[in-house]
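Below, read A as the first sequence line, B as the second, and so on, with proteins coming before strands; counting in each chain starts at 1.
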Amino acid sequence: MSTAVNSATYAAMPIGRVPTTLTINGQTRTRAIEPWTTLLDLLREGEDLIGTKKGCDHGQCGACTVLVDGRRINSCLKLAVTLDGAEITTIEGLGQPGNLHPLQSAFCDHDAFQCGYCTPGQICSAQGLINEGKARTRDEVRELMSGNLCRCGAYTNIIDAVLDVIGEQA
Amino acid sequence: MATAAKIGIGSAINRVDGVEKVTGTARYAAEHPVENLLYGYIVEAAIAKGRVLSVDEDAARAVPGVVEVITHLNRPHVAWTDHSYQDEMKIPGSPFRPLYDDRIHFSQQPIALVLAETFEAARYAASLIEIAYETEAHNTDFDVALDDEYVPKKKRSGYVPPKDRGDAAQAFADAPLRVAGDYRLAPEHHNAMEMFGSTVEWHGDGSITVWDKTQGSQGVHAYLASVFGFSKKKVRVLNPYVGGAFGSGLRPQHQVFLAVLAAKMLERSVRVTMTRQQMFSHAYRPQAVQSIALGAETTGKLTAIRNAATTSTSRYEDNMENVVTWGLMNYDCPNADAEYTLAQIDTPTSADMRAPGAATGMTLFEIAIDEMAYAAKVDPLEFRLINYSPIDAMNGTPYTSKALREAFREGAEAFKWSERSAEPRSMREGNELIGWGCATGMWDAQFSKTSASAKLSANGHLEVACATSDIGTGSYTVMTLVAADTLGLPPEQITAKLGDSDLPAAPVEGGSWGAASSGAAVQLACQAVGKKLLKAAGKIAGEPLDGAKIEDVLFEDGCIVLKDTPTVRVPFGDAMRAADLTEIEEEATAAPGFGDMWKGLHKSKNTHSAIFAEVRVDEELGVVRVTRIVDAVAAGRIINPKTARSQILGGVVMGIGMALHEETFSDHRLGRWMNHNFGEYHVPVHADIHDIQVIFVDESDPEVTPLGVKGLGEIGIVGTAAAIANAIYHATGKRVRSLPITIDKILE
Ligand code: FES
Ligand code: FES
């Protein structure tokens with residue numbers, strides 16, 4: 001079976017960890033990372049930055065959204081070793097208890113979540129959207145946040161919170 | 001002394017666990033850091049029915065980092081009796097026993113668990129396992145299974161058999177107006193955003209701590225003790241944060257079994273999480289067909305209701321829901337009969353999903369009701385008022401309360417229903433046809449035995465605790481508000497603890513009974529603390545409260561206050577110091593009382609809602625947008641209007657999914673769900689959701705539960721898809737009787 005051949009190759013192969021320099025929430029460090037590790041798994045299992053969530057591992061839900069050099073990406077679709085030199089901001093870097101980011105406060109005030117599992121991804125996505133400078137109206141925000149699923153259905157409250165921070169009510 | 005506005009029951013406050021959730025510091029089941037952890041990856045059956053003949057695991061074991069591969073062949077001893085695997089839901093039949101033997105009951109059944117030092121190694125190794133099967137003929141086609149529909153012998157607890165009245169067959173035959181048809185609902189999957197996961201910490205002394213994604217820590221605790229033979233003291237189950245569940249976490253799911261099995265076998269800590277694809281390997285909302293026949297006078301007065309439904313279940317358990325009773329309860333009609341049967345297919349057992357039974361049965365029934373309104377040429381809202389029943393028409397019992405009429409009135413006003421033009425296809429804007437529809441929703445107001453504790457410290461801090469869960473429902477906040485209300489303390493001085501099997505007993509959280517039950521228990525525990533406080537105040541020199549009894553005092557701003565002379569105030573701390581107490585701790589249990597059991601006092605307890613929907617349908621493309629929903633809900637007392645509103649919004653959004661998107665497709669040749677991911681199983685996204693207005697109708701009901709609370713977790717979804725289906729008919733003139741209403745059905 002071809003799978004057995006693959007396995008033998010794999011077994012014989014020295015695990016080639018790749019030195020990768022990442023700045024995560026302001027801390028720069030060079031790590032030896034296995035090439036198949038996604039940024040999401042690195043954050044959650046390697047760094048205990050569990051604020052970044054796994055909802056599908058396939059780029060279909062947005063729960064894993066983080067900011068890489070200010071741009072929002074699905075961290076489950078990115079191999080960590082490809083990000084040498086990048087600056088990564090996760091929900092933990094945006095704001096902390098006692099020092100909330102305006103989006104975090106707005107989410108609390110608008111009850112923009114229920115279970116909270118999609119929330120870090122929604123907030124990082126909203127920050128990315130603000131950085132893009134594209135979204136101004138309710139319809140635009142809705143459209144451009146549609147990659148972030150919320151099974152609890154907090155959508156209307158999420159848009160209210162984001163618009164509150166953008167400072168425009170459509 | 002200035003008193004701040006009291007915060008208590010009815011105050012709209014921010015979720016008390018909000019900061020943890022928005023900062024990513026709330027830890028869910030698979031996120032608890034444990035030393036020396038092994039990762040488990042589940043291998044699933046590729047066939048729907050048969051046996052595992054052999055497992056070739058050599059290649060998997062050769063992967064660096066792989067520690068073990070567990071199958072039915074090498075697993076340690078586990079319980080074998082059905083009874084040992086029974087959970088709180090008590091579905092009649094023989095519960096699924098993971099890795100028990102070589103039998104395969106459904107596609108995606110877990111048949112091996114690979115354990116490795118890293119997640120990636122476990123996942124890769126799992127892909128190398130080769131399994132040889134002996135296949136047997138299977139059937140996953142519900143329509144084929146319908147030929148063998150049956151009435152289950154043993155009823156599931158909570159199942160309400162329908163009660164017939166009059167002679168519905170005759171009345172239907174005689175009716176001047178008749179509507180009859182088969183109404184269908186596709187299978188749906190819960191798909192909570194957090195995937196099922198468990199982290200098991202092996203302490204080395206035979207005890208384990210389990211962080212599990214579940215709706216009931218104590219249910220999982222009992223299950224693990226029973227299945228693995230742990231003494232109850234050696235197992236602790238925690239679920240402080242649950243990333244949604246919607247019913248899928250009512251029963252222990254197999255990842256917790258597998259994680260504990262591995263931990264026990266390897267004497268190490270283990271984490272097992274499902275993938276999104278594997279989230280389709282267990283609970284789902286049963287597929288349903290409901291044959292509804294309605295008869296009416298030309299005036300629109302109903303004369304006959306016939307309601308027969310069949311839902312899908314597995315070969316090994318009879319999952320029953322209350323599907324056919326709702327229409328019979330809700331409408332005034334002298335003749336009615338109903339029937340409910342099951343049909344078995346080779347899938348896992350179907351399961352409770354948000355408003356089980358009602359979301360199916362009431363929703364489909366409300367589409368038929370709309371058809372009859374058109375047949376009678378009566379406005380659909382008016383039709384519902386003509387046939388309004390102030391009592392439970394099936395059981396002939398009064399309701400503790402039913403403010404549905406008010407819900408219709410307030411909802412219609414907010415929606416501007418009176419501006420509707422009656423004819424289908426009569427409203428449009430550009431290339432979009434506009435339609436307005438309405439429907440009724442209904443659910444049970446339930447209350448289950450629950451205990452809670454309250455501990456007041458001399459510094460004024462109060463901790464309330466109960467083993468209930470907060471699956472996004474707002475339980476932390478509800479417990480805090482009830483405690484604040486009862487003892488007159490600001491929420492900042494209160495900590496609510498839940499999601500821990502060591503805490504006072506609570507049932508699994510579901511069925512919308514959480515707030516009513518844990519709220520009542522917290523109130524009783526706080527009242528007991530209040531009594532102790534008053535007694536302690538009696539020790540204060542000079543007796544400022546002058547021997548006042550509990551009914552003579554209030555608790556306000558951390559003080560005991562004389563009702564008649566509010567200037568007399570004793571701070572809690574003073575009372576406790578006088579009695580030399582550093583702490584007052586009380587535990588109490590709230591349970592349905594004697595009155596509920598006494599038949600003579602029996603009343604029906606239900607929530608109701610009136611849903612109004614506006615859709616815009618692209619005439620050429622058939623694309624539907626739900627542009628406006630008004631949901632007016634009569635659900636008794638609202639503890640926190642802010643989180644309560646969110647509960648309804650969430651139910652409505654899932655109802656929009658039910659109306660337009662959600663459907664799990666099976667490839668019947670393989671007997672396998674084929675759209676088992678978020679790319680192909682569509683749930684509503686931001687762009688699908690427009691304006692949703694929630695109204696809570698005033699409904700004071702001291703009889704229904706101790707706090708007058710009826711619960712809100714389910715009612716938002718019931719009927720929502722019907723209002724949308726009815727609006728689509730109004731927009732297009734096209735009646736679609738099967739949900740979801742996808743574009744093909746509109747263009748057909
Ligand atoms: S986990 Fe990355 S998109 Fe779902
Ligand atoms: S808050 Fe639960 S998924 Fe969004």
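The distance from the OG1 atom of T118(B) to the CH2 atom of W36(A) is 8.0 Å, given to the nearest 0.5 Å. Considering CD of Q647(B) and SG of C152(A), their distance stands at 9.5 Å, rounded to 0.5 Å. To the nearest 0.5 angstrom, H101(A) atom NE2 is 13.0 Å from T23(B) atom OG1. I689(B) CD1 to T156(A) OG1: the interatomic distance, rounded to the nearest 0.5 Å, is 8.0 Å. Atom SG of C150(A) is separated from atom CE of M193(B) by 7.5 Å, given to the nearest 0.5 angstrom. For the atom pair CZ (R138(A)) and NE2 (H690(B)), the distance works out to 11.0 Å, reported to the nearest 0.5 Å.
For a residue to count as touching a neighbouring chain, one of its non-hydrogen atoms must lie under 4.5 Å from one of that chain's; by this rule D111(A) touches chain B with backbone and side chain alike. For D688(B), no part lies near chain A; criterion is any non-hydrogen pair under 4.5 Å. Of the atoms belonging to V19(B), heavy atoms from both backbone and side chain fall under 4.5 Å from chain A. Residue S105(A): no heavy atom, backbone or side chain, is found under 4.5 Å from chain B. Heavy atoms closer than 4.5 Å to chain A are found nowhere in Y476(B), neither backbone nor side chain. Contacts of V685(B) with chain A are made by both backbone and side-chain atoms, with heavy-atom separations under 4.5 Å. The contact between T643(B) and chain A is made by backbone and side chain atoms together, counting heavy-atom distances below 4.5 Å. Within the 4.5 angstrom heavy-atom criterion, no atom of E20(B) approaches chain A. Proximity to chain A (any heavy atom under 4.5 Å) is restricted, for H190(B), to the backbone atoms N, CA, C and O. Contact annotation for Y241(B): neither backbone nor side-chain heavy atoms come within less than 4.5 Å of a heavy atom of chain A. Heavy atoms of I123(A) lying under 4.5 Å from chain B belong exclusively to its side chain. Contacts of R61(B) with chain A are absent, with no heavy-atom separation under 4.5 Å from either backbone or side chain. Contacts between L649(B) and chain A at a heavy-atom distance below 4.5 Å involve backbone atoms as well as side-chain atoms.
The environment of CD in E117(B) is crowded: more than 12 heavy-atom neighbours from other residues, nucleotides or ligands sit within 6.0 Å.
The minimum heavy-atom distance linking H686(B) with I159(A) is given by the pair ND1-CD1, 3.4 Å. When every heavy atom of Q60(A) is checked against every heavy atom of F678(B), the shortest pair comes out as OE1-N, 3.1 Å. Closest heavy-atom contact between G24(B) and I91(A): CA-CG2, 3.9 Å. Summarising the geometry of Y28(B) relative to C115(A), their closest heavy-atom pair is OH-O, 2.6 Å, with the distance given to 0.1 Å.
Identified by a heavy-atom distance below 4.5 Å to chain B, contributing residues of residues 19-29 of chain A are lacking entirely.
Across D691(B), N677(B), V242(B), the residue that shares the most heavy-atom pairs under 4.5 angstrom with chain A is N677(B). For the options N191(B), T275(B), D470(B), heavy-atom pairs under 4.5 Å to chain A are most numerous at N191(B). If you tally non-hydrogen atom pairs under 4.5 Å between each of G716(B), G679(B), G657(B), G244(B) and chain A, the highest count goes to G679(B). Counting heavy-atom pairs under 4.5 Å between each of Q96(A), E45(A), E143(A) and chain B puts E45(A) at the top. Counting heavy-atom pairs under 4.5 Å between each of M274(B), M279(B), M654(B) and chain A puts M654(B) at the top. Ranked by heavy-atom pairs under 4.5 Å with chain A, the first of R354(B), Q277(B), R271(B) is Q277(B).
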Donor-acceptor contacts, no H, no angles, side chain residues 46-55 of chain A, under 3.5 Å, sequence neighbours left out:
residue	atom	partner	partner atom	Å
E47(A)	OE1	R31(A)	NH2	3.2
E47(A)	OE2	R31(A)	NE	2.6
E47(A)	OE2	R31(A)	NH2	3.4
D48(A)	OD1	R27(B)	NH1	3.0
D48(A)	OD2	R27(B)	NH2	2.8
K53(A)	NZ	I50(A)	O	2.9
K53(A)	NZ	E31(B)	OE1	2.8
K53(A)	NZ	E31(B)	OE2	3.1
K54(A)	NZ	D41(A)	OD1	2.9
K54(A)	NZ	D57(A)	OD2	3.2

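Of the possible donor and acceptor atoms, one in the side chain of Q104(A) sits under 3.5 Å from a partner among the backbone N and O of V22(B).
Between E188(B) and R151(A), none of the side-chain N atoms (NZ, or NE/NH1/NH2) sits under 4.0 Å from a carboxylate O, so this pair counts as no salt bridge.
In this structure, the side chains of F107(A) and K21(B) stay at 4.5 Å or more apart for every pair of heavy atoms.
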